[in-house]
Amino acid sequence: MSATKPQPEEQDRLIREKTQQLFEDDEVAVETGPHKTFEQYLRETPAAPVPVWINAALWAAGALVLLLLLAALLRSGRSKSPPAAPSATGAIEVPGRHWQEIRVTANEIKNSGLHV
């Protein structure tokens, strides 16, 4: 790493020379000739209808997507379980715990010393 850096002017000159070498051949590669317009391509290209089986498959896929969308919308409108409501004693039941019922009243929480 004992090589000295070139002066900024010399470095700029070297960069310009290298970019000219890199992009020199690009000008030759450009084709210059007659190009067709979009309207000419449209006139020359025949219109081919979509085969019946592809058309039917696309309609079936669209119907399936529509059915899945409707099913998702109908399911999202219904709740799975009603919200838990406190009983007459003030205890709240935790749904989904059938093996063990958990009932805690507000007085039991205050007396236990737990901070909620």
Side-chain angles (χ1 to χ4, degrees):
M1 298 292 274
S2 64
T4 61
K5 289 187 176 183
Q7 297 296 326
E9 296 86 18
E10 185 181 351
Q11 190 174 7
D12 287 343
R13 184 184 55 79
L14 291 173
I15 290 173
R16 275 190 242 111
E17 286 177 5
K18 288 191 179 194
T19 54
Q20 284 177 358
Q21 290 173 359
L22 285 174
F23 297 110
E24 217 170 55
D25 297 335
D26 287 349
E27 294 174 11
V28 178
V30 175
E31 284 188 31
T32 56
H35 293 286
K36 293 181 182 179
T37 63
F38 182 68
E39 290 81 16
Q40 288 173 339
Y41 278 115
L42 282 179
R43 276 188 242 117
E44 294 174 4
T45 307
V50 177
V52 175
W53 66 273
I54 291 179
N55 199 4
L58 289 173
W59 276 103
L64 178 65
V65 167
L66 182 66
L67 285 175
L68 289 172
L69 175 68
L70 289 175
L73 290 175
L74 290 175
R75 286 195 71 177
S76 67
R78 290 185 291 167
S79 64
K80 294 180 181 177
S81 63
S87 63
T89 62
I92 298 175
E93 296 182 18
V94 178
R97 302 279 180 131
H98 300 291
W99 54 273
Q100 176 186 8
E101 286 190 20
I102 301 174
R103 291 179 182 239
V104 180
T105 62
N107 289 333
E108 290 174 341
I109 293 174
K110 287 178 186 175
N111 294 337
S112 68
L114 296 174
H115 298 289
V116 179

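The list of salt bridge (charged side-chain N to carboxylate O under 4.0 Å, His left out) pairs with a residue in residues 55-69, not counting sequence neighbours, is empty. The stretch residues 46-67 participates, sequence neighbours left out, in no salt bridge (charged side-chain N to carboxylate O under 4.0 Å, His left out) pair at all. Within the structure, no pair that satisfies the salt bridge (charged side-chain N to carboxylate O under 4.0 Å, His left out) test touches residues 57-72, not counting sequence neighbours. Identified under the salt bridge (charged side-chain N to carboxylate O under 4.0 Å, His left out) test for residues 54-73, with sequence neighbours left out: none.
Here L67 sits alone; no ILVMFWY side chain lies under 4.5 Å from its own, so it joins no hydrophobic cluster.
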Report, one line per pair, each donor and acceptor closer than 3.5 Å where one atom sits in a side chain of residues 45-60; sequence neighbours left out.
residue, atom, partner, partner atom, Å
T45, OG1, Y41, O, 2.7
N55, OD1, W59, NE1, 3.3

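In summary, of the residues considered (E9, R16, E10), a side-chain contact (heavy atoms from CB on, under 4.5 Å) with D12 occurs for R16 alone.
Atom CG of L74 is separated from atom CG of L69 by 9.5 Å, given to the nearest 0.5 angstrom. From R75, atom CZ reaches atom CG of L70 across 14.0 Å, with rounding to the nearest 0.5 Å.
E44 meets the side chain to side chain donor-acceptor pair (under 3.5 Å) test with K36; sequence neighbours excluded. For E17, the side chain to side chain donor-acceptor pair (under 3.5 Å) partners at least two apart in sequence or on another chain are R13.
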